[in-house]
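Heads up, the thing below is written out as structure tokens.
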Amino acid sequence: MSDAEPIIRIRGLRNQFGEQVVHESLDLDVRRGEILGVVGGSGSGKSVLLRSIVGLLPMCATAVIEPALLERFPKLRAAVDRFLTRNND
């Protein structure tokens, strides 16, 4: 594993739908060059995690995404821009 700064860093992610808590205090770092697989059973929160990271779901957490990553993936950049616009009104 690389000691380089993460290109994606999530701290304290919490997702909840009604009484159902999907993620509680989840921390995640993804470093340049790493390959990350998200594995779990149906309904375990895989899609919720990914939707939170790209801004398609509201997030109660700290998220840092390297700017170069946003430039490389325009759809990710558009999702983050929509999220920021929606939450800064």
Side-chain angles (χ1 to χ4, degrees):
M1 185 178 304
S2 171
D3 289 330
E5 283 294 309
I7 58 173
I8 297 174
R9 170 171 277 167
I10 305 295
R11 292 290 179 264
L13 177 65
R14 177 181 173 84
N15 292 110
Q16 180 173 349
F17 301 99
E19 296 293 319
Q20 179 65 41
V21 176
V22 179
H23 302 113
E24 179 72 46
S25 301
L26 185 140
D27 294 341
L28 172 70
D29 287 338
V30 180
R31 290 173 174 75
R32 183 172 306 284
E34 282 187 327
I35 298 172
L36 174 69
V38 181
V39 179
S42 178
S44 62
K46 302 175 302 290
S47 295
V48 172
L49 171 62
L50 297 175
R51 288 173 174 269
S52 294
I53 291 171
V54 300
L56 296 176
L57 289 176
M59 187 182 335
C60 297
T62 300
V64 177
I65 301 175
E66 181 181 281
L69 189 65
L70 297 176
E71 297 304 320
R72 186 169 172 204
F73 298 99
K75 289 183 180 180
L76 175 59
R77 174 59 180 256
V80 169
D81 287 345
R82 282 192 306 274
F83 175 77
L84 294 174
T85 301
R86 184 173 62 230
N87 288 300
N88 286 327
D89 288 342

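Since this is a predicted model, take the numbers as computed values, not measurements.
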- For residues Ile53 and Leu28, determine if any side-chain heavy atom of one lies less than 4.5 Å from a side-chain heavy atom of the other. yes
Here the pair of heavy atoms bringing Ser52 nearest to Leu13 is CB-CD1, 4.2 Å
For Ser44 and Gly41 the tightest heavy-atom approach is OG-O, 2.7 Å
Separation between CD1 (Ile8) and CG (Leu36), nearest 0.5 Å, reads 8.5 Å
Residue set satisfying side-chain contact (heavy atoms from CB on, under 4.5 Å) with Asp29, at least two apart, ordered chain then number -> Pro6, Arg9, Arg11, Arg31
query: Does any N or O in the side chain of Gln16 come within less than 3.5 Å of the main-chain N or O of Gly18, such that one atom is a donor and the other an acceptor?
result: yes
**OP:** For the pair Lys46 (side chain) and Gly40 (backbone), establish whether a donor and an acceptor sit closer than 3.5 Å, ignoring hydrogens and angles.
**Re:** yes
